[in-house]
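Structure record follows, encoded as structure tokens.
All heavy atoms count here, side chains included; hydrogens, waters and symmetry mates do not.
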Amino acid sequence: MEFIAQHFVPLLFCGLLAFLLTGFPVAFSLAAAGLLFGFVGMEAGLFPPSLFQALPLRIQGIMQNDTLLAIPFFTFMGIILERSGLAEDLLETVGQVFGPVRGGLALAVIFVGALLAATTGVVAAAVISMGLISLPIMLRYGYNRTVATGVITASGTLAQAIPPSLVLIVMADQLGRSVGDMYAGALVPGLLLVALYAAFVILVAVFRPSWVPALPPEARIYKEANGSSGHRSLVVLMSIAIAAAWVWSKYHDGILKAWTGRENAAPGDEIVIMSMTVAAFTALGLSLLNRVFKLKLLSKLSERVTFVLIPPLILIFLVLGTIFLGLATPTEGGAMGALGAFIMALVKGKLSFNLLKQALENTTKLACFVMFILIGSTVFSFTFNAADGHVWVEHLFDAIPGGPMGFLIVVTVLVFVLGMFIDFFEIAFIVVPLLAPVAEKVLPALLPPGSDALIWFGVIIAINLQTSFLTPPFGFALFYLRSVAAKTDYNDRVTKKLIPAVTTMQIYKGAIAFILIQIVMIAAVIIWPQLVLGSLDSGAGSKVNLDDIKIEMEEEGYGKKEEDASKLFGLTPEKKAGESKTEEPGGLPNPAADKPVADDDDPMAAIKRALEEEKKKKK
């Protein structure tokens with residue numbers, strides 16, 4: 001028993017590993033390890049027999065956690081949009097917009113991946129949809145297989161980093177931070193990651209143009225009567241929308257101050273989201289006017305882009321905008337998004353009973369999966385914290401060279417390696433709660449005073465977890481693409497040419513460049529924390545730094561002149577006999593003479609005197 005008491009925490013982890021290696025489900029392995037070693041700890045004298053009496057309250061707290069309701073809402077929204085043909089419509093439309101330029105199909109996949117990330121938030125749905133639709137087209141027109149497969153798998157994983165990501169919701173819950181702040185912190189890094197992907201494709205198009213050819217003219221399906229592509233009309237429409245967004249951005253702060261009555265300047269992310277919402281509504285409104293009144297001012301391509309691209313964009317901006325404005329919690333925003341997706345599918349005529357049934361079944365499965373893992377991790381962390389496991393974890397990092405930065409680098413590498421073998425939910429529920437107390441203690445030394453270190457830490461982990469979908473041997477995005485990519489040679493239905501099968505090694509090679517890009521993004525967030533904290537700091541005027549609060553005493557005690565005490569009780573001050581202020585020459589009061597006596601330093605003495613004065617008056 002003495003050996004167990006001295007090495008309890010390492011044995012706890014070994015026990016968990018043993019349960020996992022047996023193939024037992026993760027949720028039940030966590031709970032079993034926690035309960036088993038809790039009872040062992042009682043026998044060893046480490047814990048009191050009443051240890052688990054508080055456990056039901058902890059589990060009940062999970063059931064009452066409103067934040068986690070956002071997970072089924074956003075999942076339902078994503079599945080409804082994905083099953084109603086959103087991915088197909090977006091890929092076809094955006095592919096026609098960028099198709100005429102080299103690398104256009106790859107850019108279309110990246111941008112559609114970002115849109116699907118912000119709407120569906122489900123990696124499997126994004127990768128499978130783009131693999132089924134885009135990969136055959138890219139292979140048909142001679143795309144390099146490594147580039148084609150890499151773009152599809154990497155773009156599908158953007159669902160982990162771009163709000164409203166399920167990973168960010170779980171991360172906020174585990175770190176004890178608001179989901180809105182986590183979304184705001186992840187917005188800029190997520191968009192920068194999309195920009196880095198696009199920059200990589202552009203560089204490939206410049207230096208290896210044969211790898212990413214443009215669509216041939218016969219593959220461009222939206223043409224005007226005069227043979228033009230209609231891009232000029234699209235550029236004009238987008239220019240008008242961008243101008244409307246720019247005008248709104250200039251007046252956004254004043255409009256919101258007058259509307260909400262707030263005094264602080266609007267955060268940058270709020271201005272960006274609301275300006276993009278205005279741009280989307282402007283483009284949609286002009287297109288509706290053109291169609292209703294048959295003005296024929298817009299090309300077929302412009303109308304197609306507007307009616308396919310703008311509705312999901314408006315849904316995204318409304319959900320994120322209401323969250324960033326503080327008008328809705330993430331849970332309420334998710335409910336609004338689910339309703340919006342339901343209405344969009346209904347308007348498109350794609351809503352059916354089978355679709356609704358599939359969406360509800362998949363949402364229920366994911367919600368139950370998350371709930372059981374969270375309950376299991378709560379039981380495990382209950383025993384872990386009872387054994388002062390956080391102290392043991394702190395001691396593990398004491399000897400790491402580099403101080404806080406060394407800790408951050410080691411944790412980043414640890415999560416990266418674990419991501420090769422473990423699902424991101426398991427990392428978020430098992431590893432993150434163990435590291436969070438240490439991160440909260442050591443990371444503020446790397447940031448400006450008043451910055452939220454755990455938001456920064458959470459975004460770093462979220463981007464890191466994104467790489468787990470691409471890293472062999474268990475990169476889930478790689479397997480999703482493998483399941484839909486051609487396993488044997490086939491004849492293309494358009495060109496009638498023989499297309500060789502896509503090999504697993506080509507899929508693995510395609511992921512390497514994008515893994516490196518994600519590592520660069522992680523390094524950038526670590527080196528420049530303002531990429532995450534800038535949106536939070538811009539609204540810092542409304543936040544109070546508890547370290548800066550000072551309670552200053554008046555020089556006269558608590559203002560303990562007898563007059564002040566009398567005013568406190570609604571009494572009229574009366575001068576006592578012989579009590580008059582001594583004045584200096586010139587009629588000014590003499591501070592020395594007015595200095596309170598010792599009793600005036602005691603607030604209770606002043607209250608007693610006020611009560612005595614009242615009694616005298618009543619007599």
Side-chain angles (χ1 to χ4, degrees), residues 23-31 56 58-87 116-129 156 159-160 163-174 179 312 315-316 319 328-346 348 350-379 422-430 465 469 476-477 479-480 483:
F24 210 51
V26 174
F28 301 117
S29 296
L30 285 166
R58 294 282 295 274
I59 295 176
Q60 185 180 1
I62 296 172
M63 303 299 182
Q64 294 175 339
N65 190 342
D66 293 340
T67 302
L68 295 176
L69 276 175
I71 292 176
F73 283 139
F74 282 120
T75 303
F76 182 79
M77 177 183 85
I79 294 173
I80 287 285
L81 291 175
E82 185 260 328
R83 297 293 168 89
S84 62
L86 175 69
L116 292 176
T119 51
T120 66
V122 182
V123 173
V127 173
I128 291 173
S129 298
Q160 303 303 298
S165 162
L166 300 185
V167 171
L168 296 174
I169 296 173
V170 173
M171 203 65 62
D173 178 69
Q174 294 300 301
V179 178
L315 181 62
I316 296 166
V319 169
T329 65
T331 301
E332 294 163 346
M336 185 174 66
L339 178 62
F342 189 88
I343 293 172
M344 282 177 57
L346 187 63
K348 289 173 66 177
K350 299 289 183 69
L351 189 64
S352 65
F353 178 76
N354 285 334
L355 186 150
L356 188 60
K357 180 182 177 183
Q358 290 175 8
L360 290 172
E361 282 181 353
N362 290 333
T363 301
T364 304
K365 286 178 183 177
L366 182 64
C368 292
F369 171 74
V370 171
M371 186 63 67
F372 273 102
I373 285 189
L374 187 53
I375 291 173
S377 65
T378 299
V379 175
I422 304 177
D423 182 62
F424 72 94
F425 271 127
E426 293 156 10
I427 293 175
F429 285 130
I430 300 172
L465 288 177
F469 281 87
F476 291 106
F479 290 125
Y480 295 147
S483 68

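Shown here for Thr378 and Leu374, the closest heavy-atom pair between the two residues is OG1-O, 2.7 Å. Here the closest heavy-atom approach between residue Phe429 and residue Ser377 is recorded as O-CB, 3.3 Å. Between Ala341 and Leu315, the closest heavy-atom pair is N-CD2, 4.0 Å. Pro72 and Ala367 make their closest contact through CB-CB, 4.3 Å (heavy atoms, listed as atom of the first residue, atom of the second, distance). The two residues Ile79 and Ala359 make their nearest non-hydrogen contact at CG2-CA, 3.6 Å. The two residues Ala338 and Phe73 come nearest to each other via the heavy atoms CB-O, 3.8 Å.
Side chains of Lys350 and Arg83 form no contact here, defined as non-hydrogen atoms less than 4.5 Å apart. Side-chain contact check for Leu351 versus Met344: every heavy-atom pair is 4.5 Å or farther apart. Taking 4.5 Å as the limit, every side-chain heavy atom of Thr364 sits out of range of all side-chain heavy atoms of Phe369. By the 4.5 Å heavy-atom criterion applied to side chains, Val167 and Val170 are not counted as neighbours. By the 4.5 Å heavy-atom criterion applied to side chains, Phe469 and Val127 are not counted as neighbours. Taking 4.5 Å as the limit, some side-chain heavy atom of Ile430 sits within range of a side-chain heavy atom of Val26. Between Val319 and Phe74, some side-chain heavy-atom pair lies under the 4.5 Å cut-off. No side-chain heavy atom of Leu339 sits less than 4.5 Å from a side-chain heavy atom of Met77.
Between the CD1 atom in Ile59 and the CD1 atom in Ile375 there is a gap of 6.0 Å [rounded to 0.5 Å]. Here CE of Met336 is found 9.5 Å from CD of Glu332. Values are rounded to the nearest 0.5 Å. Taking CE of Met171 as the start and OG of Ser165 as the end, the distance is 8.5 Å to the nearest 0.5 Å. With rounding to the nearest 0.5 Å, the separation of CD1 in Ile80 from CD1 in Ile343 is 12.0 Å. Note: Leu68 CG to Met63 CE = 10.5 Å, rounded to the nearest 0.5 Å.
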* Please walk me through it: do Leu465 and Ile427 pass side-chain contact (heavy atoms from CB on, under 4.5 Å)? -> CA-CA 8 Å; Leu465 288 177; Ile427 293 175; 3.6 Å; yes
* Phe24/Leu30 under side-chain contact (heavy atoms from CB on, under 4.5 Å): CA gap, chis, key distance, verdict -> CA-CA 10 Å; Phe24 210 51; Leu30 285 166; over 6 Å; no
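Judged by distance alone, with hydrogens and angles left aside, the side-chain atoms of Asn362 form a donor-acceptor pair with the main-chain N or O of Gln358 at under 3.5 Å. Between the Ser84 side chain and the Ala345 main chain, no donor and acceptor come within less than 3.5 Å of each other. Using modelled atom types, one side-chain atom of Thr331 and one backbone atom of Asp66 make a donor-acceptor pair closer than 3.5 Å.
Within 6.0 Å of CZ in Phe479 there are more than 12 heavy atoms belonging to other residues, nucleotides or ligands.
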